[in-house]
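Below: the structure, in structure tokens.
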Amino acid sequence: MPTPMLLALALAYAVAPLATDMYLSAFPRMTRELRTSAVGIQLTLTAFMAGLALGQLVTGSLSDRWGRRRPLLTGTAVSVVAGVLCAAAPSAELLVAARFLQGFSGAAGIVIARAVVSDRARGTGAARAFALLMVIGGVAPVLAPLTGGALVGAVGWRGIFLVLAGLAALMFLGALLLVPETLPRELRHGGGLATTFRSAGALLSDRPFLGYAIAFGFGFGALYSYLAASPFVYQHVYGFSVGGYAVTLAVNAFGFTATSAVNRRIVGRFGIRFLLRTGLTAMTVFAAALCVLAGTGLLVRAVAVPLIFATVSSLGLVAANATALAVARAPQAAGSASAILGALQFGLAAVLAPLVGLGGEDTAVPMAVAMLTSTTVAGSAVLALARSDRQGDEPA
């Protein structure tokens, strides 16, 4: 796969961490300015995740019917408009609606980037490509909180959404100039959403695919539990400044990116499944320690920060490998498979985001419980459903 094309796909793939992380440090300020509660502001994150989940189901279907390029260009163009609407929203309720549109349209970059990679690679080659996609796209969650933390004081949270609109315009240009069509006409089908749901039914009845999909979705569920709670946990519970919180968020994102890069280098030596199991085990162990310490009141700042970093970093061994193994089960329905992965990922995020806020702004316990529950479900799914699978080990 040509490097410029992969870079353009990574930029499109980066819409989720950009639109998620860049405005997190502004949550307390948005709560005051829009005269709402912490849960009300977290609903803007929930709406975005729900849009991403539903948008991927629709866009995955359209990409299998019309090809990859048209839905990608349309989605990124609408993302530009959605960013402007977010910046202009006069109330929390209208911001929630605009964020849903931003998520729905931004889903095109995520689902089609995965589908394009699966059009071009299989097995270990796909795992390497997905890992590189996440490494390059991982620059976004490193830069986003730092940029957002710097911008929130200068241009406010509305200015942050205008910056996101500009980045969406850049994504559109990258897709227009660098991403060709990768799905030949003879491999397309015209069934639309009905065919997608039939394909989804077939895929979800495939035990190994279901195991990998659950591992992927709930692995990211742990990440989004942390993201939704982190503005209040870091700033209210542990006393971080806006700038300090942004730096910590960026460091955690860098940990995920670095682990994804290591995964790409060693997957050929250790194998996709071994690294997936290793990542899931590590995430569960670290999240369990976080949960026990939070529940006993011993989760001090000096312990919480490295434990969260370790949990998030371990996801780098899960994301690309679970994706590669899942799409290997559906070589003729890559768009639908990618849509299911994305719907699980962001659908769970939409559910978890408000739940972690129910415990209030002054405790880390709901975040820790949600992270441990997610990692436990992810690991159990692979053990129960995909233990005997051997498909997808072939090289590029």
Side-chain angles (χ1 to χ4, degrees), residues 16-51 82-103 141 143-167 224-253 294 301 304-305 308 349-368 370:
L18 283 170
T20 299
D21 293 0
M22 193 173 285
Y23 86 130
L24 288 180
S25 60
F27 269 24
R29 179 177 296 189
M30 294 170 67
T31 302
R32 295 191 302 270
E33 292 184 8
L34 293 175
R35 298 180 181 180
T36 186
S37 63
V39 174
I41 292 301
Q42 284 170 328
L43 281 175
T44 66
L45 183 60
T46 298
F48 179 73
M49 298 303 176
V84 175
L85 292 176
C86 288
S91 66
E93 292 77 12
L94 290 176
L95 180 58
V96 167
R99 285 285 283 170
F100 178 84
L101 178 63
Q102 189 178 41
L143 296 179
L146 295 174
T147 305
L151 288 175
V152 70
V155 299
W157 61 268
R158 296 184 188 276
I160 290 175
F161 282 113
L162 289 177
V163 171
L164 287 171
L167 290 172
Y224 287 114
S225 297
Y226 140 73
L227 287 176
S230 63
F232 302 102
V233 170
Y234 278 112
Q235 295 181 71
H236 286 188
V237 178
Y238 295 121
F240 280 80
S241 66
V242 170
Y245 165 67
V247 170
T248 304
L249 202 68
V251 169
N252 290 340
R301 173 170 164 170
V305 171
I308 293 172
V351 171
L352 291 170
L355 290 180
V356 297
L358 294 178
E361 303 176 12
D362 302 314
T363 176
V365 172
M367 177 191 74

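These numbers come from a predicted model, not from an experiment. Hydrogens, waters and symmetry mates are skipped; everything else that's a heavy atom, side chains included, is used.
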Spacing of Glu93 atom CD and Leu43 atom CG [to the nearest 0.5 Å]: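 Between Glu93 CD and Leu43 CG, I get 9.5 Å after rounding to 0.5 Å.
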Nearest-0.5 Å distance that lies between atom CD1 in Ile160 and atom CE in Met30: 8.5 Å
[X] versus [Y], closest heavy-atom pair with distance:
X	Y	answer
Gly83	Gln102	CA-NE2, 3.9 Å
Ala82	Ala98	CB-O, 4.3 Å
Val356	Ala370	CG1-CB, 3.8 Å
Val96	Ala47	O-CB, 3.3 Å
Ile41	Thr44	O-OG1, 2.5 Å
Thr31	Ser37	CG2-C, 3.9 Å

Verdict with reasoning, Phe232 to Met367, per side chain to side chain contact (heavy atoms under 4.5 Å, CB included): CA-CA 11 Å; Phe232 302 102; Met367 177 191 74; over 6 Å; no
Intermediate values then yes/no, side chain to side chain contact (heavy atoms under 4.5 Å, CB included), Tyr226 and Leu249: CA-CA 10 Å; Tyr226 140 73; Leu249 202 68; 2.9 Å; yes
List the residues meeting side-chain hydrogen bond (donor to acceptor under 3.5 Å, both in side chains) with [X], not counting sequence neighbours, and say none if there are none.
X	value
Ser225	none
Thr46	none
Tyr245	Ser230

Residue pair Leu94, Leu85: steps toward the side chain to side chain contact (heavy atoms under 4.5 Å, CB included) verdict: CA-CA 9 Å; Leu94 290 176; Leu85 292 176; over 6 Å; no
side-chain contact (heavy atoms from CB on, under 4.5 Å) partners of Thr248, counting only residues at least two apart: Tyr234, Phe240, Asn252, Val305
Results of side-chain contact (heavy atoms from CB on, under 4.5 Å) for Glu33 - residues two or more places apart only: Arg29, Trp157
Backbone of Ala89 reached by a side-chain donor or acceptor of Arg158 within 3.5 Å: yes
Arg301 side chain vs Tyr238 backbone, donor-acceptor pair below 3.5 Å: yes
Steps toward side chain to side chain contact (heavy atoms under 4.5 Å, CB included) verdict (Tyr23, Leu45): CA-CA 10 Å; Tyr23 86 130; Leu45 183 60; 3.8 Å; yes
Partner set under ring-ring contact (aromatic ring centres under 6.0 Å, His included) for Phe48, not counting sequence neighbours: none
Student check: side-chain heavy atoms of Gln235 and Phe27 closer than 4.5 Å: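 Not touching, per the 4.5 Å side-chain cut-off.
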